[in-house]
Structure formats: structure tokens, C-alpha cells
Peer 1: 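First the structure, then my questions, so here it is.
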Amino acid sequence: MHIAVFVENRNGVDLTRRIMAAPESEKHSFSVFTADVNGEVARWTLAEAAAGGEEFPVRNLFEVGEAMSDDEFGQELRVRAAAFAAEEQVERVILFNDQSRRGRRVTEALNERLPVVLVQDGHLDFHYKKLAAGQRDQNWYYGASRPAAVCVWGPAMAQHVGFRTSEPGPRVHITGGLGHSDDPELLTVARSGVHRTAREADAPLRIVILDQPLGDQGKMPRPEHRAQLTEMVESLRAYGEIDVKPHPSTQPAHLTWLATGLPGVTLLDAERLLDAEGLAAYDLAITFFSTTYLQTLRAGVPLVLYNPKALNIVFPTIHHPLLRNAGTTEELAAVALRLKKSRKFLANQHGAPIEHFLAFKDDVAGEIMRVVEEAEPSPPPSAETAAPAGASAGAGAAAGGSLAERALREVERRASRPGTLAVVGVSFSYITGVAVPVLTYTQALIAQSPVDVHYFDLAAFPQPEHAAEALADAEIILINSLAPFWRSPIANALVEALVDAGCTVMLYAHETEYVFNYEAERSAERHLEMLKLLPRLTVLCVSKAQADMFRQLGVTDPIVIYNTVPRDIHRARASATVGERPRMIMVGTVQDRKGVDLFSRVAELAHARGLPWRFSWVGWKTPRIAQKTLLSDRVEWMGALSRDRVREELAASDVFFLSSVDDPMPLSVVEAVQHRLRIATFHRVGSREVLDGVRGYRAYTEYTPEAAFEALRAVLAEEVDEERYREVEELFDIPAFSARMSAALSLPAPGATVAHDAEEARHRFSVALEQNVAYRTDEFREHMSAGREENAFRVGREILRRATHSTDVLVGMAEIHARHGRVKEALSMLGGAACVGGQRSRVWMEIARVAEMLGGEGRSLHRFARREALRIRVRNRASRLGGTDS
């Protein structure tokens, strides 16, 4: 097969090289072409093609210097692209942007002649403050040319292309991003939970501003762009040295201004690539909206994605310790100050995980080539697909029913199919297993349905009302695990308020009985509050045994949905026959709950009986090991291993020996099923529900070394039941789990055909620019308590610009005004505090305290506030006493 690749920048050439290097590409021939009369694009592409790796020719369809207008260039490009395809006998075309000036003309010329495959090369899922068509970035329309297929980086990108309009879109494949999804180093930092810096506190920062051609591209008026850069530099100047790196496509006029209009900064060469190695020299990076965050993550450098008021396009909020979205220079200054003083970066406290936008895969180039090989030409647009839904009576009849019937079904669908899912927890990291099933589900959901998913980490909210406000628009609220009720001081009050307000709140529980009892002692008060709430929630369980446990706690109708482990196509199977020295393996953290003592004693017992059995444990050692616990020398303690190594060790074993004392549905057993390992577990473990009676599985009913030993001996003598193992594998596979979860949540299942109102969805989920108000309120309190009045005033003013419901900020700002003799302003702030928090005695006491600082002008308010505080105290006390008497 002859494949042509159209390139128009350096990145396109690099992606082409990666595609051509895939093993699947060896059986095909390639032609690489570009289109340029000005010389700049041709120079970029030819230089990149000649640099690094295997050189390949790039054919320019034009002669540099050909005289023609833009319109003439576009018309001629269509003609020459078609002629090139015919001359080279091209059978497939790959390109990286169908909305650029050149890419659009190429797709117009070739789309209906042969299969055109679009491969994502930058971020697509931007949000907008204003939604008029002319105010969107060209990437919003990515894939609108109706190519044969689109290869995207991750679930959010697939949702953007597939549900951007209510009309059928192109076929979308989540292949991952070339050079990103298949980069183990990026995967490691993407899933890191901390930011570590080696710099000394109070040392000047090295800051780099990664500028973009906002004015040149019409995303912001040129004067406003320059004004913003000037303001940014001035707000950061006090914290260290500042470098400015222009984008390579920046026009000469703006480069000239950068060189003269920003005194005191160092201007870097626009042509020079600033990769992860170059970025590593900086303490802080700042940009507007860009996929450069992938490079700053690799470099371990914090990045602020800055979005001033005049910029319409908004980068989504990603929850990571190295990323922060900010909307004002005051926020920039606060970030720089904290980083300089304490070496801590004020990162986003909640948002979507990186896997929302970038799926990590091992063979991205291979997956893209498989899409290219299977692509079929796009059909010409028909009247039905070209017209808006419901525009044709004939089309309506063909779809089933009259226009009135279809309209009724659409209303019923929208009434019964929520479009907003809020997932609430205390962590959304792949570091711990508790988030893996729900993240796996939500990413499948957003990739294949119009449901919007937002994640809320309760650590970002100091008060329940702040979290309730953030969740106000959610149609379904899913609490991920019981951990928030024990870990968060606001979870119980928040969930109670949500249920009282009539919200649909569901709980997806993972916890074992062991953990449940442990937390009942460790967090007794919060645990008791949770027990009162449980009967009011719909509880989703991972096993029937866990559902029985919740029934005993008063939950009337728990739903068993199990959980999920992604099916790994690269997972090698264990040997069907047992070797001369059978190997028993366990995967999990080394702690008492996982049965370390039992595992060790079985290894000792096998050795004492002269058996050549080998025992290995993969997982890091925790401090949760009692002094009496045996850590046998007969066990190979392998420590934490990479995912690839864990796969290899499982495939090289004979039995997966789960020694845990209890676990509602261990995912490690499902992975062992995928490897076709024999399995032995304690009978109280949830795996018995789906594996009991299956050849290749044994459960020991007594939690003793002797009983476990006999189970291992018995299972070694059996062959794995391939058919039943496959059934279990399918039960826990992503599609089956996603269908169960969606049914339980009353959401459209992934892949379900559902009409989509793009304008409404974009309006509903335009990302807020401000950092969570509650988070800024903490910053305000910190400045006030430390006596940093000027900083407190700056932060407080910014908070009140966005929200007026924080009594602490209103009273604090009043106190600052009072100290400086601004009586009118202080009284105004105190009036606001009274309106917001007037039902609380503490607020009136604070108002009285500040009013006393105002002298004669505050005397009457002082007296009134003290009386009101006393009245509320007496009323509340009487109410409590009355409740007790009744």
C-alpha cells in the first residue's frame, strides 16, 4: 500500500518519522509532501526531515517564490494535491490538521477520492467563555472535513470530535499521542503525586514565559496581548529572573516589540527548541494555552496556564501537582511568592486527571497504522447527514416515527438521561487502586457518550457549602469509596446536605470488612455520622458479599456492579503445564491485611515437607507490619516493580496465591485470570463468587497455613478451565463494567447513540477561570494571621470580585479598611458579612469586634451586633434544650 503524508510544520515531520518507524509500516511505501510558496514552511520541514533519525525526502508541490494570491494558492493546492495522489498512485493519506489553511485544501481535494486519516498533533478539547462560531480556535472544528477516520490522544478528545454537534461525526479511534502516550518517562511523572524541588527557599526564581502568537492568530488584540505580557513581567519581576521564549511562528513585528518593549528580561531565540532538557533549568514556566505542559511535566517544572480576561480560549483544568490554571496576575504573583518562600507550588486542587486527555499506550504508531490500513473512503454527504436533525420529514419517517413522535422521544431522552456526572473523592490518582475502576469507567464514558464528567477532590474545600456550590450543576453525584467519609472533615455534612436538597447521590464502595472495622476505631465520630447516612444512599458494590454487609448496615437495595481491569492485549499467558519447581506469586503491598504472615508460613511449611515450591511477593513494604509477623527467608521479596515487570513475573508463575484475609473483589485476581494463572484465595475473598467451582481455582475455608497449603497442592494438579476463565475476563472487561455502571447511574452507556446539543454542553461546561474560591480564602486567612496586610488585601479583593459569600474575607477586609481609617468601606464590608452570615452568632461577634475599631461611627453597629450575637446564642440554646425535652 502506498501512503502519502502531508506535513506543514516541524512537528508533523517528527510524527511522520515515528509512524514510518512502526513495524506495521515496513510492508508499505510512503511519500511525504508539503505545500509552500513563501519558503518558511518548506525550510522548517526540510530541516526537520534532515535532522535526527533516518532522513527522508519531502516534496513541495510548489516552487518557492511562485507569485499567487491566497485564493489562487488555495485553488491551485486542490488541483496539485489531486494530481500528486494520482501520479504517485496514493492509496491512503495521513495528515495532522484538516482545519489549517493548507490542510483544509488537501482534504477537500482528496477526501472523496481515497481514505484520509487525521492524526491528532495538539490539544483539541479547549473551552470558551463566548461561544459565537467566529470566536473559536480552528482546533475546535478539527475533523469537521469528514475524514475516513480520526486518531486522537485520549477520551476527552474523542468526545469532542464525536459529540461536537448532533450530526454523525467521523469514526474516532483513541490511539494515544505519538511520542507522548508511549513515553514511559512521561507516564511516570503524569502519575506522580508530589512536586519535589531542589532549590533553596528564598533564592531568586528562574522564570520562563512561553509566549504564543495570540495577536498574530487573532485570539487577542495585539495591543492587549502586549499589555498582558507587560503586566505579567511586572507582577513576576520581584521574584527572580525572567526569560521570554517566543513561539517559532511569531511574526517579526512582535519579535521586535519583545526585544524592546520588555526591559529587564532575556529574549530567547524563537527558532530554538525548548525541550524538557532546556526547561529543566527553570523553577517556573508560564504559558497561555498549550500542549507544552507535556514538556514541563517531563522536566519536573511547575507550569501556570494563564488565561487573562481578554483571551476567549481556556485550557481545561488538569489535576496534577505541577499544573495550575490562573486568570489574573495577582494569582501569578501569589504562585511565585509561595514557590520562592516555601518551595511549594500552588497547583490545581481538583480537575480531570491527565488520562482524561492523554491515554497511555505502548504501541501508538502501530495502532495508527492499523487504523490507516482499515480505513475506507468517506461517503459523499447526503441530505440526511447534511441537514440538521429533524429537518426532513422523510428522514424522520426513516428514523422511525413522525416529527412529533421523534420530538417527544428526544424530550423523554433528555429528561431521563443526565448529561453531568460529578465524581467526588479524596484522590484521583493511579498511584492507589481505589481510583482505577472509576477512572477507567469515566474515561470510557466520555470517549463514547455525550456525558460530561467532572472530578472533585474534597481536599480543595474547607467548608461543605463551598463544595455544595461547586456541585450545584451536577445531575448525578458519585462518591468514590467510603474513604471521603473517614478522611475529609466535610464529607458527611456535604453528602447530608446534598441528599436533603434532593440530589441524586450514589456511593461506589470498594472497602474490605477489615478496613471498615479499622476505620470504625480510627475515625469513630465520622464513622458514626457515615452510618446514619448510608441508608439514604444508593450503594454500588464490588461483590455480593459486600452488598450483604451493607444490607446489615441498613442499606435497603445495594447494587452489585463488580469492578474492572482493562484487558491488556500485551499480557502473556502463563504456561499451561506446571514446571518442576512450581512458583507461587502474590502481588500487593507488604502489610498484615494482605496476609504476609500466612504467605510466609505456607512457604516455610512447603520447605519443611521437602517440596521444590518457590514463593515470590511483588510489592513495596509498608509500615503496617506487626512485630510478630513472619517475613520468611523462603519468600523472594521483590519490592515494587514496573507494570511491564509485573506482567513478566505473573506470566512466569504457576499459581497466584492471594493471602489476603479479606477483599471484596481483588483486581489482582482478575489480572491473574487474564494471565491464565491457577488461583488460590481465602473463601471470604470476593473472587470466590465468580470463580467457585471453576477448574484452576481453589478457596481455603480456614485461614491457616495448612488449609492454604492444601489448596495450593490441589490447584497445582488442575488445568485451567479456558472457557470459564474467559467468562470471568469478560465480566470485568471495560465494556461490560461500563454498561453496568451506566445502567446503575441512569447514564447513556458508552457507545449509545444519543443526540447532543453542542451549544448547551459547551455553555454548561466552560471551565471556570478562577482557582477555587475556598482555596483562595485559605490563602487570605494565612496572610491575615501572619500580618501580611497588603497581600491579604490583594487576595481578598480578588475573592470578592468573584464571590461575596465568604464572611471571613468580608470581615477581614473590613478590618483592614478600619485600620487605615476607611470607615465607609469598612461598614460596607461588615454589612455584607451580616447579610451572608447573619444567622451565626460567631459572625456577629466578629462584626462587633471590627465595628469597635471604627470609634463613634461604628458604635451603634457595635452595640447592635453584640445584642444580635447574644440573641442567636440564646435561641440556639433554647432550641437544643427543646429538642432534648421532646
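Values in this document were obtained by computation on a predicted structure and should not be read as measured data. The basis for the numbers below is simple: all heavy atoms, side chains too, and nothing from hydrogens, waters or symmetry mates.
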Peer 1: Assess whether side-chain contact (heavy atoms from CB on, under 4.5 Å) is satisfied between S145 and N111, documenting all intermediate values.
Peer 2: CA-CA 8 Å; S145 65; N111 229 358; 4.1 Å; yes

Peer 1: Answer yes or no: is there a donor N or O on one side and an acceptor on the other, between the side chain of R92 and the main chain of A375, under 3.5 Å?
Peer 2: yes

Peer 1: For the residue pair F315 and H123, does the interplanar ring angle fall in the parallel (under 30°), tilted (30 to 60°) or perpendicular (over 60°) class?
Peer 2: tilted

Peer 1: Under the rule for salt bridge (charged side-chain N to carboxylate O under 4.0 Å, His left out), what residues qualify as partners of E72, not counting sequence neighbours?
Peer 2: none

Peer 1: May I ask you to decide if the ring planes of F289 and F126 are parallel, tilted or perpendicular, using 30° and 60° as cut-offs?
Peer 2: perpendicular

Peer 1: Minimum heavy-atom separation for S249 to Q217, with atom names?
Peer 2: OG-NE2, 4.4 Å

Peer 1: If you look at every heavy atom in L279 and A299, which pair is closest and at what distance?
Peer 2: CB-CB, 3.9 Å

Peer 1: How long is the span from the CG atom in N9 to the OG1 atom in T34, to the nearest 0.5 Å?
Peer 2: 8.5 Å

Peer 1: Return the set of residues passing salt bridge (charged side-chain N to carboxylate O under 4.0 Å, His left out) with E66 (not counting sequence neighbours), or none when no residue passes.
Peer 2: R80

Peer 1: Would you please classify the geometry between the F33 ring and the F84 ring as parallel, tilted or perpendicular, with 30° and 60° separating the classes?
Peer 2: tilted

Peer 1: Side chains of P437 and L667, heavy atoms from C-beta outward: is any pair under 4.5 Å?
Peer 2: yes

Peer 1: Between the side chain of R298 and the main-chain N/O of A276, is any donor-acceptor distance below 3.5 Å?
Peer 2: no

Peer 1: First locate atom CG of L267, then atom CD1 of I209, and finally report the distance between them rounded to the nearest 0.5 Å.
Peer 2: 11.0 Å

Peer 1: Can you tell me how far CD of E355 sits from CH2 of W153, rounded to the nearest 0.5 angstrom?
Peer 2: 14.0 Å

Peer 1: With salt bridge (Lys or Arg N to Asp or Glu O under 4.0 Å) as the criterion, how do R171 and E376 come out once you've worked through the C-alpha distance, each side chain's angles and the decisive distance to 0.1 Å?
Peer 2: CA-CA 10 Å; R171 188 169 183 184; E376 298 180 355; over 6 Å; no

Peer 1: Among M157, Q159, H173, find the one that has a side chain to side chain contact (heavy atoms under 4.5 Å, CB included) with V152.
Peer 2: M157

Peer 1: Looking at C151, is its backbone amide N or carbonyl O close enough to the side chain of Q120 to form a donor-acceptor pair, meaning the two atoms are under 3.5 Å apart?
Peer 2: no

Peer 1: Can you tell me if CD on E730 sees more than 12 non-hydrogen neighbours from other groups inside 6.0 Å?
Peer 2: yes

Peer 1: Restricting to non-hydrogen atoms, name the atom on F62 and the atom on E76 that form the minimum distance, rounded to 0.1 Å.
Peer 2: CE2-CG, 3.7 Å

Peer 1: State yes or no: are the ring centers of Y455 and H356 separated by less than 6.0 Å?
Peer 2: yes

Peer 1: Determine whether more than 12 heavy atoms belonging to other residues, nucleotides or ligands lie under 6.0 Å from atom CD of E87.
Peer 2: yes

Peer 1: Only counting residues at least two apart or in another chain, list the ones meeting side chain to side chain contact (heavy atoms under 4.5 Å, CB included) with T16.
Peer 2: V5, V7, M20, V32, F56, F96

Peer 1: Can you find a heavy atom in the side chain of Q443 that is under 4.5 Å from one in the side chain of I174?
Peer 2: no

Peer 1: Mind listing the closest non-hydrogen atom pair of N348 and I318 along with its distance?
Peer 2: ND2-O, 3.0 Å

Peer 1: Would E729 and R676 count as a salt bridge (Lys or Arg N to Asp or Glu O under 4.0 Å) if you check the C-alpha gap in whole Å, the side-chain angles of each, and the deciding distance to 0.1 Å?
Peer 2: CA-CA 10 Å; E729 187 177 57; R676 299 300 189 263; 3.5 Å; yes

Peer 1: How far apart are the closest heavy atoms of D182 and D362, and which atoms are they?
Peer 2: CB-O, 3.9 Å

Peer 1: Keeping H2 on the side-chain end and H28 on the backbone end, is there a donor-acceptor pair under 3.5 Å?
Peer 2: no

Peer 1: Can you measure from CG (N325) to CG (N307) and round to the nearest 0.5 angstrom?
Peer 2: 8.0 Å

Peer 1: Taking atom CG of L284 and atom CG of L303, what is their separation to the nearest 0.5 Å?
Peer 2: 8.0 Å

Peer 1: Nearest 0.5 Å, what's the OG1-CG distance between T188 and D183?
Peer 2: 8.5 Å

Peer 1: Heavy-atom count check: over 12 atoms from other residues, nucleotides or ligands less than 6.0 Å from Q89 CD?
Peer 2: no

Peer 1: Minimum heavy-atom separation for G366 to A22, with atom names?
Peer 2: N-CB, 4.1 Å

Peer 1: Just to verify, what does F30 make a ring-ring contact (aromatic ring centres under 6.0 Å, His included) with, not counting sequence neighbours?
Peer 2: none

Peer 1: What pairs of residues pass the salt bridge (charged side-chain N to carboxylate O under 4.0 Å, His left out) test when at least one of them lies in residues 27-42, not counting sequence neighbours?
Peer 2: K27-E373, D36-R102

Peer 1: Pairing donors with acceptors under 3.5 angstrom, does anything connect the side chains of Y441 and S742?
Peer 2: yes

Peer 1: Should we say atom CZ of R78 is surrounded by more than 12 heavy atoms from elsewhere, each under 6.0 Å from it?
Peer 2: yes

Peer 1: Any side-chain donor-acceptor pair under 3.5 Å between D216 and H247?
Peer 2: no

Peer 1: Could you tell me whether the side chain of D269 and the main chain of E271 form a donor-acceptor pair under 3.5 Å?
Peer 2: yes

Peer 1: Can you list everything that forms a ring-ring contact (aromatic ring centres under 6.0 Å, His included) with Y306? Sequence neighbours excluded, please.
Peer 2: none

